[in-house]
Structures are given as structure tokens and as C-alpha cells.
Number of protein chains: 2
Amino acid sequence: MASSSTQTDLQRYPRPSLAIDVALLTVVPGYRPHLGVVLVRHRNGDGGPGWCLPGTFVHEGERLADAVRRVLRDKAGLSGVDPRQLHVFDDPARDPRGWVVTVAHADTIRAEDVDTHRSSDHDVTVAPVEGTGASARAQLPDRQRTLPYDHAEILSVATEDLRRRYAEAPDPAGLLPEPFTLLQLRQVHEAVGGRPLQKDTFRRRMEPHLIATDDRTTGTTGRPAQLFRRADSRAQSPEAPEGRAQP
Amino acid sequence: MASSSTQTDLQRYPRPSLAIDVALLTVVPGYRPHLGVVLVRHRNGDGGPGWCLPGTFVHEGERLADAVRRVLRDKAGLSGVDPRQLHVFDDPARDPRGWVVTVAHADTIRAEDVDTHRSSDHDVTVAPVEGTGASARAQLPDRQRTLPYDHAEILSVATEDLRRRYAEAPDPAGLLPEPFTLLQLRQVHEAVGGRPLQKDTFRRRMEPHLIATDDRTTGTTGRPAQLFRRADSRAQSPEAPEGRAQP
DNA sequence: CGAATAGTGTCTCTTAGACAATATATA
DNA sequence: TATATATTGTCTAAGAGACACTATTCG
């Protein structure tokens, strides 16, 4: 067990409130598919009601990732996410209410999974995102100009993180249901990367990481397209470990 | 920032203790320079005294980076670091003393700056590190086998992070004092990367990011070497433009 | 001169990018 | 057949890697 001196350490120092925020990204289908971010309404901001990223305080005994899942379930009715840690925002003056440290997270979700719920909930929306990385900006509803708190920065880091992951492998976040065509895959990558990609170069770079199925598209105009699955089915994360304590 | 909550929320929920740990890496000079990590003695572990990464609780009103600087100053007498966040370890059962969330950090320091202090302090040492990333392991003094807590994992993430940064640019962490020769630079990169590099390929890849000074080495055996400085003194953005030159 | 290290020439191989030809479906 | 999309062939340029040659110092 711990010595008495360390025991007191846990109580000697004031403790911060611990929160999480999450940038849940998706690709919105359409003429040119584009990146979107899930927003929820908040009511107690200084500037009145508005849209922001989902966030919550972490409960005792709760994992950060579980707090992210909880807030997405409670506030947006979404499930099945696997959030990634992005960054800790720790400015003591960040929150006028007191000392609140927040851990920014990111994840992705398929557009279909958001849409089914959005129709029945006016407190959840998907805002289009323009640009990626430092230039990423959400086009907010209701003439709202900016995201509150550090949320714009979280969105920047989240889109940049996603862009980097998509530069290497085909749809590593699984935004596309299998099987898919190379056109569908390329459109998702264009949305995530924020720029057009050439179809031949893209095909040659992705094909080593894909497995062709026996099927092709049918009923569409033009030549039918081969349907593929991801070859690297799983096992592809920089790090996400767990752990331990303190001297 | 956090959530659509009221003043009472800050007090309604229990709060975790917030800690930091830091993997302070350096390159130890010698026949073949190699990676090292700064360790401090701790006394209150279950298994008696031993070596571990420096860590501390975060004080109220303190930034995480400042807590890192404080612990390095107080426990190791080191200063002038600029820590990078790596990962949050949040398992509620991590620490038997209670709910302690720790933010792992990494930074680098020049070997000279450690050595000057180490001679006068028996509670600080630099342990050689073998391997990089998941296979990174510190060779501990006093027949100690493993690092306590999650510290081995923090070391893995820290070395991997450093390796990735050094793959792009010349000595981005500034481990080498300017000016330096290409041999010195290559040895540092070999230590960080954990593998030998070819001198001609290395030179050609680094030269665009270097500025030759008017000086050369003198007094050494063999042909004198050109002395360089880093060209990208600061600011390094991972951009990947597209398009081709016109005929 | 000989040893030792620095720096360059050059060849090969791989890959991204661009353009264009060919293949196969629907209307 | 006309049209639209998928797929492949091929050329070019850039870059990594490897090998070997030249350059310049000290003793």
C-alpha cells in the first residue's frame, strides 16, 4: 500500500474538474461529398444559446472514452464510436467557472447513422466543414459565426489528424460500408483531404491495400465498377494504451 | 472546453487528482552516440526504492507544461525544456491510492546540460535506451528490471514520437548546438532512429534544410568538414502540395 | 606519401503524377 | 450507336539507395 505521506498528497492539493469534448466527423454524401462535424445545442453560454461540440464532465470511475460515448449517446443519440485522444487543454483561465481541464477527442461516424437520428432531434445537427487542419472552419447554422471555447481549435486538430490517417491507408476509419467502389473510396478521401485526387494515381496507391470481391456494381450508367474490401481489416493505430500511477 | 452545465456541476462531481510524467530524452555522446532517458529515484513504491520517470501532481492554477518544468527543476535540477503532450492515462484503477489521471509528456535535453548536474546529485541518472517505439527499453541501474507504473509505455510513445520528428527535418529538437557538421548531425539522427544511415543519402536529404556557414572544422584528422546551421529555424508544417510544372 | 575523413558523380529502382488509350456497361 | 464510367498502358520527373570516385587535411 501507499505510505501515509503519499496518501496525504492526494488530498493536500486541489483537484481540477475533468471534462471531455469530442469532434465527431463524418462525410456528407452529395454531388461532391464533404466533411461534416456533429454539433449539439448548448444553452448556458454567455452569448446565449448556440451550437458547440458535444462535451461533458468525466464521472468518478469513468474512462475518458466512456465519457465520450456517454455524451454522444445522451446528447446526440449516437453509439458505436471509438474515440481517439487528441490534446489536453489546460489553461487555468479557460473556464470562468473554475479550474476545468478538458481532453479533446475525435472520432468518425457514418452519415447514415447521424441522419436517422437527426430528423427526430432538433438539438443535434451536422455542420459542413471547410478546409482542413489550421484552416478548418465549420459553417454553423443560425448565423452563428464561431464555435465557443476551444472548440474551433479542437476541430482543427481533429481534421488534421484524420487527413494524415487517410493519406496512408484506404478509409482507415471505416466511413464507407464494404464493399465499395474505387470511386466511392476516392470521394471519401477527397472529402477528408479537402482536395481533388487523380483517379489513376489514387487507384494504384490504394489497390495494394484492397481486396477485390467477386462482385461489380450493376444498374449504373457506364462500365460497372469492381467492388473492394479493405485488406488491412484492423490493426492500425499509432497508440492508445492505458495505465498507472505516480511517485 | 466543456459542457452546457451550470455552476453546480463543478461541485457536484468528484474530481480526479491530476498528475504529469515526463520522458526526458537525450543523446549520449560516445563511440556510437545513443539515446538516453533521464530517471529519478523514488522511494515510496511497493517494491522499495527504484528509478522512474520524473512526475508530480499538478498544482492549482498551474499549466501542465509548468508542472513538467517544475518537477524537472526540483527533482533533477534541469531547466529550459518545452514539453510536448503525449497521452493521457486514465484508468481509474491505475493508482491504488485513488483516482489519479496522468498526462504523459516528452521532451529533449542536451547531454551536457544533464551531466553538469548529475555529478552533484545521486538521485538523478541517465539510462541508455535500446530500440525505439514499442521495442524501446531502458537499461536501468542497480539491477532494476523494469520501469514502474506506465512508465515503460510512456518511454515507448516518447521515443516513437521523437523518431518520427527526426525522419523529416534536421535535428528538430535542437539536440545539437550550432554550428555542427553533417557527421555530428547524422550520428544524432542514427541515435534517435536506432539504425545506421548512409552518409551520402543523408546529406542529400538534409542539405536543403541546412545553411552552410563560412567555417569548417579544424585540427581534426582527415579533410575538414563544413559547418552548418538549421535553415528552418522554426515553423515546420507537414504540407504536401499537388500539381506538376508546366513544360 | 599514406591514412582518414569529407564531399560528389552517377547508376538503378521505385513511385507519383499526368495523359491517353482501351474496356464494358446503359440508354 | 452514343455516352458514360472503369481500368490499364505508358511516359516523365523526382527521389532513395547504393557504390565508387575525388578532395583535402594531418602526420
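From a predicted model like this one, the values you see are computed outputs, not experimental measurements. By convention in this document, chain letters (A, B, ...) are assigned in the order of the sequence lines, proteins followed by strands, and residues within each chain are numbered from 1. Atoms considered below: every heavy atom in the structure, side chains included; atoms not considered: hydrogens, waters and symmetry mates.
- Counting only residues at least two apart or on different chains, the ring-ring contact (aromatic ring centres under 6.0 Å, His included) pairs with a member in residues 188-207 of chain B are B:Tyr166-B:His189, B:His189-B:Phe202.
- Toward the 5' end of DNA chain D, the nearer of the two residues A:Arg186 and B:Thr218, judged by each one's closest nucleotide, is A:Arg186.
- Of the inter-residue distances, the one linking A:Phe228 atom CZ with A:Glu207 atom CD reads 5.0 Å to the nearest 0.5 angstrom.
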Inset, instruction - Can you check each nucleotide of nucleotides 7-16 of chain C against protein heavy atoms at under 4.0 Å and return B for base, S for sugar-phosphate only, - for none, in 5' to 3' order? - result: BBBB-----S

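- Between A:Met206 atom CE and D:dA6 atom P the separation is 17 Å, expressed in whole Å.
- The separation between A:Gln198 atom CD and D:dT8 atom P is 17 Å, rounded to whole Å.
- Distance CZ/A:Arg69 to CZ/A:Arg63: 9.5 Å, rounded to 0.5 Å.
- Across the protein-nucleic acid pair, A:Leu183 atom CG and D:dA4 atom C1' stand 12 Å apart, rounded to whole Å.
- Interatomic distance, CG of B:Asp161 versus CD1 of B:Ile154, reported as 13.0 Å (0.5 Å rounding).
- If you check every strand for non-hydrogen atoms under 4.0 Å, B:Thr220 touches sugar and phosphate atoms only.
- Look at CD on A:Gln187: it is 12 Å from C1' on D:dT5, rounded to the nearest Å.
- When the shell of 6.0 Å around CZ of A:Arg137 is examined, it contains 12 or fewer heavy atoms from other residues, nucleotides or ligands.
- Separation of atoms CG (B:Leu72) and NZ (B:Lys75) is listed at 10.0 Å; rounding is to 0.5 Å.
- Taking atom CZ on A:Phe202 and atom C1' on D:dA6, their separation rounds to 14 Å, with Å as the unit.
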